[in-house]
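Encoded as structure tokens, the structure appears first; notes follow it.
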Amino acid sequence: MSFLNISYLLILILLIFLSGIIGLVLNRKNILIIIISIELILLSINFNFILFSLYLDDIIGQIFVMFILCIAAAESAIGLSILTAYHKIRSTILIEKIKTLKS
């Protein structure tokens, strides 16, 4: 990793994080894009942990990333299964329709 400066990687992490935030802010209608944006934010945070774990020669950051990835995968699987079940019942996944759901 000596041929790459850490500042370039931090800029890449910042761009991934900002693309996730922009996806959350600009798209409020499609729930799948919102889930993808949240996953981009988690990816940038994990990439940051791995980068500093390698830079500081410490394994704790990499172990923490493994825990975050396991929890994020379980969260995505549960969220997508609920979304699939909702789509089967209501035939839509628009957020406006979900917000007005009373029963």
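Given the structure is predicted, the values throughout are model-derived calculations rather than measurements.
- For the pair Val65/Leu69, a side-chain contact is recorded, criterion being any heavy-atom separation below 4.5 Å from C-beta on.
- Between Ile41 and Ile16 the shortest side-chain heavy-atom distance does not fall below 4.5 Å.
- To the nearest 0.5 angstrom, Ser76 atom OG is 11.5 Å from Leu83 atom CG.
- Rounding to the nearest 0.5 Å places CD1 of Ile13 at 10.5 Å from CD1 of Ile45.
- Interatomic distance, CG of Leu32 versus NE2 of His87, reported as 9.5 Å (0.5 Å rounding).
- Between Asn46 and Phe64, every side-chain heavy-atom pair lies at or beyond the 4.5 Å cut-off.
- Taken together through direct or relayed side-chain contacts under 4.5 Å among Ile, Leu, Val, Met, Phe, Trp and Tyr, Leu24 and Leu14 form parts of separate hydrophobic clusters.
- Cluster membership check: Ile82 does not share its hydrophobic cluster with Ile71, using side-chain heavy-atom separations under 4.5 Å among Ile, Leu, Val, Met, Phe, Trp and Tyr.
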- Item | Audit row: Leu12, Phe47, side-chain contact (heavy atoms from CB on, under 4.5 Å) steps and yes/no | CA-CA 10 Å; Leu12 177 67; Phe47 192 36; 3.8 Å; yes
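- Remark: Leu15 CG to Ile22 CD1 distance equals 9.5 Å, nearest 0.5 Å.
- A donor-acceptor pair is defined here as one N or O able to donate and one able to accept, closer than 3.5 Å; no such pair exists between the side chain of Asn48 and the backbone of Ile50.
- In the displayed structure, Leu26 atom CG is contacted under 6.0 Å by more than 12 heavy atoms of other residues, nucleotides or ligands.
- You'll find the side chain of Phe52 stays beyond 4.5 Å of the side chain of Asp58, heavy atoms only.
- Expressed to the nearest 0.5 Å, how far CD1 of Ile31 lies from CD1 of Ile36 amounts to 11.5 Å.
- Rounding to the nearest 0.5 Å places CD1 of Ile89 at 11.0 Å from OG1 of Thr84.
- Hydrophobic cluster membership is shared by Ile6 and Leu56, with clusters built from Ile, Leu, Val, Met, Phe, Trp and Tyr side chains linked at under 4.5 angstrom.
- Under a hydrophobic-cluster definition in which Ile, Leu, Val, Met, Phe, Trp and Tyr are linked whenever side-chain heavy atoms come within less than 4.5 Å, directly or via other members, Ile63 and Leu43 are assigned to different clusters.
- There is a path of hydrophobic side-chain contacts, each under 4.5 Å, that joins Val25 to Ile38.
- When side chains are defined from C-beta on, Leu40 does not count as touching Phe17, because their heavy atoms never get closer than 4.5 Å.
- In this structure, Gly20 and Ser37 approach most closely via the heavy-atom pair O-CB, 3.4 Å.
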